[in-house]
Amino acid sequence: MSHVREGFRIRKARKLQGMTQTGLANNLGISVSYLNLIEHNKRAIGGRLLNKIAKVLDVDLTQLAGYEDARLVQNLTDLSGDALFRDLSMEDRGAQDIIGREPGWGRAFLRLHSAYLEASEIVEALSDRLNRDRFLVESSHEILTQITSIRSFAEILVEFDDLPGDKRQRYISLLAGVSSELSETAKGLFAFMDEVDMTARPMTPAGEVEDFFIGHHNYFPALEQAAKTLRTRIEVGGQIHDRALADYLVERHGVALRYAVPEREAATGGARAEFRSPTRIDYQRIGDHLVLQEWHHSETVRFLIAQFIFEREHSDILSTLVADERLTSDDARGRARRALARYAVGALLFPYEPFLEMAEEVRYDIQVLQQRFGGSFEQICHRLVTLQRPGSRSVPFAYLRADPAGNISKRFSLSNLRLPRYGGACPLWALYRAFLSPGRIVSQRVRLPDDQEFLFVARTVDKKANAYGAAEKIYSVMIGCDAIYADRLVYGVGKDQARGNLVTEAGINCRLCPRPDCEHRAYAPNPAVTN
Amino acid sequence: MSHLVLIAEDEPHILESLQFLLERIGLRIATAHDGAQAIHSIQELRPALVVLDVTMQHHSGFEVLKRVRADPELSATKILILTAKGQEADRRTSAELGADKYITKPFSNKDLVAGVRELLGMEDS
């Protein structure tokens with residue numbers, strides 16, 4: 001629990017009593033200067049003195065000690081981790097100051113954030129409802145069918161003036177009848193829309209980046225071409241090995257590779273490399289060295305070197321791409337730039353045509369693709385979601401990454417699978433089931449409440465630094481596609497309900513799922529879903 | 001003998017108008033009202049062209065399309081997909097599953113008839 005400095009509360013309580021510092025100090029038997037230090041939180045005090053102060057000022061000890069306020073500080077501190085505030089500098093002591101000086105404002109801020117979260121959930125529920133609501137889907141289909149009938153018969157009546165009288169009369173009657181049906185359908189739809197008022201727009205930089213990638217269908221021809229050209233300069237014998245990358249780095253850019261071990265960094269004599277954590281995937285440029293952490297796995301090392309090279313040689317392409325009106329802040333543009341650089345590295349290491357050809361040949365067996373192209377599970381899944389060149393596309397996949405707490409850190413969908421924008425996904429998804437069998441691939445056929453079926457493939461990935469005793473970071477990575485493509489995937493074998501195999505009845509997440517009797521329900525559904 | 005066309009459509013009014021239009025250009029017509037009936041009729045009658053609605057009961061139009069394309073004996077069968085959905089994903093699915101043409105409802109009779117003529121290699125009237 002955060003330490004909440006009681007000095008502000010003591011000062012406030014003293015002033016409420018109309019007491020001077022001298023008066024209180026005399027009552028307590030301490031010097032005025034010492035009391036001043038206490039009130040300005042320059043000195044921490046023990047329980048005995050605090051107890052005495054509470055008695056002199058005639059206030060409740062718990063109020064003075066700030067136990068309730070400590071909880072508020074903790075809540076405010078936790079809130080600062082929201083992605084909404086990522087670009088703001090919010091130090092922990094700020095929360096203490098707010099609660100210490102003006103707890104009412106702190107409570108108001110917490111209440112506002114809570115209302116914002118609730119409103120976001122409602123917006124997402126309504127947005128999902130508009131996309132999935134049975135009434136809307138069926139009404140849309142009805143309207144289009146009715147309009148099709150009306151248009152077709154009207155054109156027949158106009159074009160064919162030799163229609164027999166009875167047929168003409170029949171078609172005229174049909175026109176009148178279907179027009180009447182259309183009116184009723186439209187009335188029902190407008191009545192529904194009157195009850196709904198939604199705009200779901202991305203508010204966070206992460207949301208803007210997601211929409212930016214979706215807007216491009218996760219395919220960037222300029223990056224693909226640049227990666228293809230770059231590959232011809234680096235590859236040796238058709239392969240890109242670590243050695244080839246390191247040699248290219250030196251020959252082309254005059255930059256040598258160095259691996260950093262924290263204990264040895266102090267002895268380098270020059271600038272030290274400082275990494276925030278051993279599992280963080282990044283590099284540092286120090287002088288004419290590219291410094292990586294020694295403990296990274298080889299696939300990560302290869303990726304980082306390639307990323308550095310691409311960013312140096314094609315900064316202009318990246319800059320052009322992120323000058324997109326969908327990215328409205330420096331934070332969003334920075335995130336997009338990093339994501340595009342990683343996209344480009346995927347294109348470099350797993351070249352489009354050979355990779356797609358192999359993927360189709362091995363029926364998207366991710367482990368086989370790892371063997372053939374030397375990538376990690378996550379890297380291969382990432383690449384699979386980018387194969388969207390017009391005329392030469394892969395199966396359209398969705399991609400998700402989650403941590404053991406259920407938080408989704410990456411999401412992207414090219415399929416018609418709608419992914420939850422806020423919070424986690426349905427606990428029944430393979431994304432979470434994979435944590436029960438770490439390192440093993442889990443495949444699953446899922447039916448959603450609107451009867452659409454999908455095939456999910458998930459596995460945990462270990463971001464642990466490659467050293468004994470190093471901190472672990474485990475995620476689950478999942479790709480998914482419409483079940484119509486199941487027979488093109490090796491994971492689709494045996495997942496056909498017609499053969500009597502189980503299909504998991506699931507939802508998007510608990511808030512958006514109308515299944516009333518699901519044993520795994522963690523939250524009540526949002527009323528917008530069940531109304 | 002003129003070409004045989006199977007119209008697989010579960011909306012009776014649309015089925016009726018399509019039948020009228022295609023008979024007017026001299027085609028023989030068979031009809032199916034759901035996906036299961038469509039599969040059976042295609043296998044039995046071997047039509048030259050199938051006008052196939054996507055949203056049908058007992059196998060969607062995409063399921064019917066997959067089955068037809070999986071059967072080497074039906075490789076010559078032309079398929080024109082007819083759907084109310086105009087989304088990119090459905091267009092892509094249609095192409096990937098091997099449809100010869102894709103028309104979105106509401107369509108003009110002229111476009112539909114032109115599409116059928118094109119797939120059957122018929123000259124414009």
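- Interface check for chain B: of the options A/Ser152, A/Ser140, A/Gly177, the most heavy-atom pairs under 4.5 Å are formed by A/Ser152.
- Residues B/Glu96 and A/Arg488 meet the side-chain proximity criterion, which asks for heavy atoms closer than 4.5 Å.
- One distance of note links OH of A/Tyr171 with CZ of B/Phe20; it measures 5.0 Å at 0.5 Å rounding.
- Among the residues in residues 35-44 of chain B, none has a non-hydrogen atom closer than 4.5 angstrom to a non-hydrogen atom of chain A.
- Here the shortest heavy-atom pairing between B/Arg92 and A/Pro396 reads NH2-CB, 3.8 Å.
- Within the model, atoms OG of B/Ser17 and CG of A/Leu174 stand 9.5 Å from one another, a figure rounded to the nearest 0.5 Å.
- Using a 4.5 Å cut-off between heavy atoms, B/Ser108 contacts chain A through both its backbone and its side chain.
- Neither the backbone nor the side chain of B/Leu112 comes within less than 4.5 Å of any heavy atom in chain A.
- Proximity to chain B is absent for every atom of A/Leu175, based on heavy atoms less than 4.5 angstrom apart.
- When each of A/Val178, A/Val395, A/Ile143, A/Asp162 is scored by its heavy-atom pairs under 4.5 Å with chain B, the top score falls to A/Asp162.
- Across every non-hydrogen atom of B/His13 and A/Phe153, the tightest pair is O-CZ, 3.4 Å.
- For B/Lys110, the part lying near chain A is the backbone, with the side chain staying farther off; criterion is any non-hydrogen pair under 4.5 Å.
- Atom CD of A/Glu360 is surrounded by more than 12 heavy atoms from other residues, nucleotides or ligands within 6.0 Å.
- In plain terms, the two heavy atoms of B/Asn109 and A/Glu155 that are nearest each other are N-OE1, 2.7 Å.
- Checking A/Tyr485 against B/Thr93 by side-chain atom types alone, a donor-acceptor pair falls below 3.5 Å.
- Taking each heavy atom of A/Leu144 and B/Lys105 in turn, the nearest pair found is CD2-O, 3.7 Å.
- Nearest heavy-atom pair, B/Pro106 versus A/Thr148, reported as atom, atom and distance to 0.1 Å: CA-OG1, 3.2 Å.
- Contact of A/Ile156 with chain B is made through backbone and side chain together, with heavy-atom distances under 4.5 Å.
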